Amino acid sequence: MTGAVNTMNATFEQGLLLGILIGEGHFGGDGKQPQITLRMHTRHQRLFETLLRLCPGSKLYGPYNHGGRRYFQWMARGEVLRETLLPLLDRLPLEDIDEHVYERYQDMKVRYGL
């Protein structure tokens, strides 16, 4: 029973992570290295803490105040991007789920030789 619960939690957490990235993530880079960035209002702080737990090695920056908006910025690059997120995203039928996200993701991979 414990194994089933752990599997269910892992499946849920993986779905949560991928859903947030598909819905809110930016796939790009800084010109030197690829990164996935997520920028959201500070009221989502607990969600960002969950992302940090799910993606050890990712970073949270902020809070920032800009243009009347208060937000955090979460970033995944380097090893966590290559070893954790790319394999998860590559297994998804992204092109069927969201063509725009698929194109942005593929563009990042081509631009940075991933």
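Every value quoted in this text rests on a predicted model; they were computed, and no experiment measured them.
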- [ ] Start with the C-alpha gap between Leu51 and Ser58, add the side-chain angles, then the distance that decides, and say whether side chain to side chain contact (heavy atoms under 4.5 Å, CB included) holds.
- [x] CA-CA 8 Å; Leu51 293 176; Ser58 63; 5.6 Å; no
- Task: Could you give me the CA-CA distance, side-chain angles and deciding distance for Gln35 and Asp30, then say whether side chain to side chain contact (heavy atoms under 4.5 Å, CB included) is met?
- Result: CA-CA 8 Å; Gln35 64 194 33; Asp30 63 5; 4.2 Å; yes
Item to complete: Given side chain to side chain contact (heavy atoms under 4.5 Å, CB included), test Thr84 with Glu79 step by step and report yes or no.
Response: CA-CA 8 Å; Thr84 302; Glu79 186 176 332; over 6 Å; no
Check step by step if side chain to side chain contact (heavy atoms under 4.5 Å, CB included) holds for Arg82 and Leu114. CA-CA 8 Å; Arg82 285 182 169 81; Leu114 300 171; 3.7 Å; yes
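The cluster map of Ile, Leu, Val, Met, Phe, Trp and Tyr, joined by side-chain heavy atoms under 4.5 Å apart, puts Val80 and Met108 in different clusters. Val110 and Val101 fall into different hydrophobic clusters, defined by Ile, Leu, Val, Met, Phe, Trp and Tyr side-chain heavy atoms under 4.5 Å apart, directly or through other members.
Using a 4.5 Å cut-off between side-chain heavy atoms of Ile, Leu, Val, Met, Phe, Trp and Tyr, Tyr64 falls into a hydrophobic cluster with Tyr61, Tyr71, Met75.
Across every non-hydrogen atom of Leu60 and Phe72, the tightest pair is CD1-CB, 3.7 Å. Nearest heavy atoms, Pro63 versus Thr42: CB-CG2, 3.6 Å. Annotation for Leu38 and Gly25: closest pair CD1-N, 3.9 Å, computed over non-hydrogen atoms. In this structure, Arg77 and Gln33 approach most closely via the heavy-atom pair CD-NE2, 3.4 Å.
No hydrogens or angles considered: nothing links the side chains of Trp74 and Thr37 as a donor-acceptor pair under 3.5 Å.
Every residue was checked against the side-chain hydrogen bond (donor to acceptor under 3.5 Å, both in side chains) condition with Asp98, not counting sequence neighbours, and none meets it. Under the rule for a side chain to side chain contact (heavy atoms under 4.5 Å, CB included), the partners of Gln14 that lie at least two apart in sequence or sit in another chain are Leu18, Leu88, Arg91.
Classification of Arg53 and Glu13 as a salt-bridged pair holds, one side-chain N sitting under 4.0 Å from a carboxylate O.
A side-chain donor-acceptor contact under 3.5 Å links Tyr112 to the backbone of Gly31.
No option in Lys109, Glu103, Arg104 other than Lys109 meets the side-chain contact (heavy atoms from CB on, under 4.5 Å) test with Gln106.
Taken from CD1 in Ile22 to OH in Tyr102, the straight-line distance is 13.5 Å, to the nearest 0.5 Å. Summarising the geometry, atom CE belonging to Met40 is positioned 5.5 Å from atom CD belonging to Glu24; distances are rounded to the nearest 0.5 Å.
Counting only heavy atoms from C-beta outward, the side chains of Asp90 and Tyr105 approach each other to under 4.5 Å.
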